[in-house]
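In what follows, chains are A, B, ... by sequence order, proteins preceding strands, each numbered from 1.
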Protein chains: 2
Amino acid sequence: MLDDLPIGRAAALSGVKVPTIRYYEQIGLLRPAPRNEGNRRRYGADDLSRLGFIRHARQLGFELDQIRELIALSEEPESPCGRADAIARRQLADIDDRVRRLLALRAELARMTEGGCHGTIAECRVIEVLADHGKCAHHGVDEAA
Amino acid sequence: MLDDLPIGRAAALSGVKVPTIRYYEQIGLLRPAPRNEGNRRRYGADDLSRLGFIRHARQLGFELDQIRELIALSEEPESPCGRADAIARRQLADIDDRVRRLLALRAELARMTEGGCHGTIAECRVIEVLADHGKCAHHGVDEAA
DNA sequence: CTGCATCCTCTAGTCACTAGAGGAGCAAGC
DNA sequence: GCTTGCTCCTCTAGTGACTAGAGGATGCAG
């Protein structure tokens, strides 16, 4: 009976770690679990289902605030689904952007490591390329500093 | 003369933000800058070059510890470059892995948003798919929770 | 001198967890 | 009943790479 599970069982069944479940409760993504006389949390099927939803959304790269919104939407079955769709589409665009950047970075690293490495640092393409930004093939990709 | 620059100029010329420069000095990636009588940091060409190296490596996704190591290597021109090459190759493999995962996630999101959205939450594929993990096309991609 | 921009240190926050200290509860085995 | 080992509890702080902002000092132009 999925109705009286300790947190360890809930973690095992949901794939979400014990401390992470506590964290989600703390930040309000999961309702506060009722406790037994020993003050231990007790979880039911609804909780497992919620955890699965969160886990799945995290895997898809949604941020917790987006997940919070998706959950709120899921609890209002009569509302229009445009908002959920927009969140997912934005996520899709974000992934596209990240892939594009990663592929550009990959190309540069491949160039760097091309032909292997047979000598010393003084002749090393990896160090050389990092040190000479004129050789940087992706100016404009500014995601840090 | 690139030999007596205040931090703001160094930031502008290197593309690394003022607080980030201070941060890099704090964590030892950048030597502590000499100060003028007003206790303001002064930077020279070598510093700008170092900042450029760090920035470029960050853009390529190297972690600061890896960058620390690459810098140490770059300061020993006679040493074998196998280590730098290995760091870069690992980064390449990491990017490949991330792209692969992102593409799998993209496929699932695309499926989710396919056909647009015309109704309510009760019929919403985004919410439906997140709620039903049997429909999850990428079991095994476990990068969170 | 005033005002504004730049610089300083320091503390704490961001995001999504994660680690661990110190203690309590629980159940099986003796 | 006692012991042992596992699970659970709260709380604090850490991770990585920054980032924000408070409160104050410096420098320069008007």
Side-chain angles (χ1 to χ4, degrees), chain A residues 4-30 32-43 47 50-51 53-71 91 94 98 105 141-145, chain B residues 4-30 32-43 47 50-51 53-71 91 94 98 105 141-145:
Chain A
D4 195 41
L5 301 170
I7 195 167
R9 288 302 299 154
L13 289 173
S14 67
V16 182
K17 294 179 189 167
V18 168
T20 308
I21 295 177
R22 290 197 198 108
Y23 175 63
Y24 289 159
E25 175 181 304
Q26 185 195 326
I27 63 172
L29 268 196
L30 195 60
R35 307 292 183 104
N36 68 10
E37 322 79 52
N39 196 34
R40 292 168 173 232
R41 291 172 175 83
R42 282 300 183 250
Y43 294 99
D47 302 308
R50 169 63 63 82
L51 283 170
F53 187 102
I54 296 169
R55 181 178 180 231
H56 195 183
R58 285 294 302 130
Q59 284 171 340
L60 290 172
F62 290 103
E63 294 176 357
L64 294 185
D65 275 349
Q66 289 172 319
I67 295 168
R68 200 185 304 275
E69 195 172 350
L70 290 169
I71 287 170
Q91 189 58 19
D94 183 60
R98 281 154 67 192
L105 298 183
V141 183
D142 192 3
E143 64 183 40
Chain B
D4 195 45
L5 303 170
I7 195 167
R9 287 303 296 153
L13 291 172
S14 67
V16 183
K17 294 180 191 170
V18 167
T20 308
I21 294 177
R22 290 197 197 107
Y23 174 65
Y24 289 159
E25 174 180 306
Q26 182 194 328
I27 63 171
L29 266 197
L30 197 57
R35 308 293 181 102
N36 68 11
E37 323 80 49
N39 198 32
R40 290 169 176 229
R41 293 172 174 81
R42 284 299 184 251
Y43 293 99
D47 302 310
R50 168 65 62 83
L51 282 171
F53 187 102
I54 296 168
R55 182 178 178 230
H56 195 183
R58 283 297 300 131
Q59 283 172 341
L60 289 171
F62 291 103
E63 293 176 356
L64 294 185
D65 275 348
Q66 289 172 315
I67 295 170
R68 201 187 301 279
E69 195 173 348
L70 290 169
I71 287 171
Q91 188 59 18
D94 184 59
R98 280 154 68 193
L105 298 183
V141 181
D142 192 1
E143 65 184 39

Would you mind telling me which residue lines up with the more 5' stretch of DNA chain C, B/Arg42 or A/Arg22, judged by nearest nucleotide?
B/Arg42
Residue whose closest nucleotide on DNA chain C lies nearer the 5' end, A/Arg40 versus A/Pro19
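Counting from the 5' end, the first nearest nucleotide belongs to A/Pro19.
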So, OP1 or OP2 of [N]: does either fall under 4.0 Å of a side-chain N or O from [X]?
| X | N | result |
| --- | --- | --- |
| B/Lys17 | D/dT19 | yes |
| B/Thr20 | D/dA17 | no |
| B/Tyr24 | D/dC18 | yes |
| A/Arg35 | D/dT10 | yes |
| B/Arg41 | C/dT9 | yes |

Can you measure [X] atom [atom1] to [N] atom [atom2] for me and round it to whole angstrom units?
| X | N | atom1 | atom2 | value |
| --- | --- | --- | --- | --- |
| A/Glu25 | D/dC8 | CD | P | 14 Å |
| A/Tyr43 | D/dC8 | OH | P | 10 Å |
| B/Asp65 | D/dG16 | CG | P | 7 Å |
| B/Ile21 | D/dT19 | CD1 | C1' | 14 Å |
| A/Leu30 | C/dA16 | CG | C1' | 16 Å |
| B/Glu37 | D/dC28 | CD | P | 10 Å |
| B/Arg58 | D/dC18 | CZ | P | 4 Å |
| B/Leu29 | D/dA17 | CG | P | 9 Å |

Contact summary for B/Asn36 and B/Arg42, nearest pair of heavy atoms
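Taking every non-hydrogen atom into account, ND2-NH2, 3.3 Å.
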Shortest non-hydrogen contact between A/Leu30 and A/Tyr43, atoms and distance
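Looking at all heavy atoms of both residues, the closest pair is CD2-CE2, 4.2 Å.
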Carboxylate-amine/guanidinium contact A/Asp47 A/Arg50, below 4.0 Å:
no
Under 3.5 Å, is there a donor on one side chain and an acceptor on the other for B/Asn39 and B/Arg35?
yes
Nearest to the side chain of [X], which nucleotide is it out of [options]?
| X | options | result |
| --- | --- | --- |
| B/Tyr23 | D/dA17, C/dA16, D/dC9 | D/dA17 |
| A/Ile7 | C/dC26, C/dC7, D/dC8 | D/dC8 |
| B/Leu64 | D/dT7, C/dC8, D/dA17 | D/dA17 |

Could you check B/Glu63 against B/Asn39 and say which one's nearest nucleotide on DNA chain D is further toward the 5' end?
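First, find each residue's nearest nucleotide; the 5'-ward one identifies B/Glu63.
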Which sits closer to the 5' end of DNA chain D, B/Gly38 or B/Phe62, going by the nucleotide each is nearest to?
B/Phe62
Report the C-alpha distance between B/Arg41 and B/Leu5 in whole Å, list the side-chain angles of each, state the deciding distance to 0.1 Å, and finish with yes or no for side-chain contact (heavy atoms from CB on, under 4.5 Å).
CA-CA 8 Å; B/Arg41 293 172 174 81; B/Leu5 303 170; over 6 Å; no
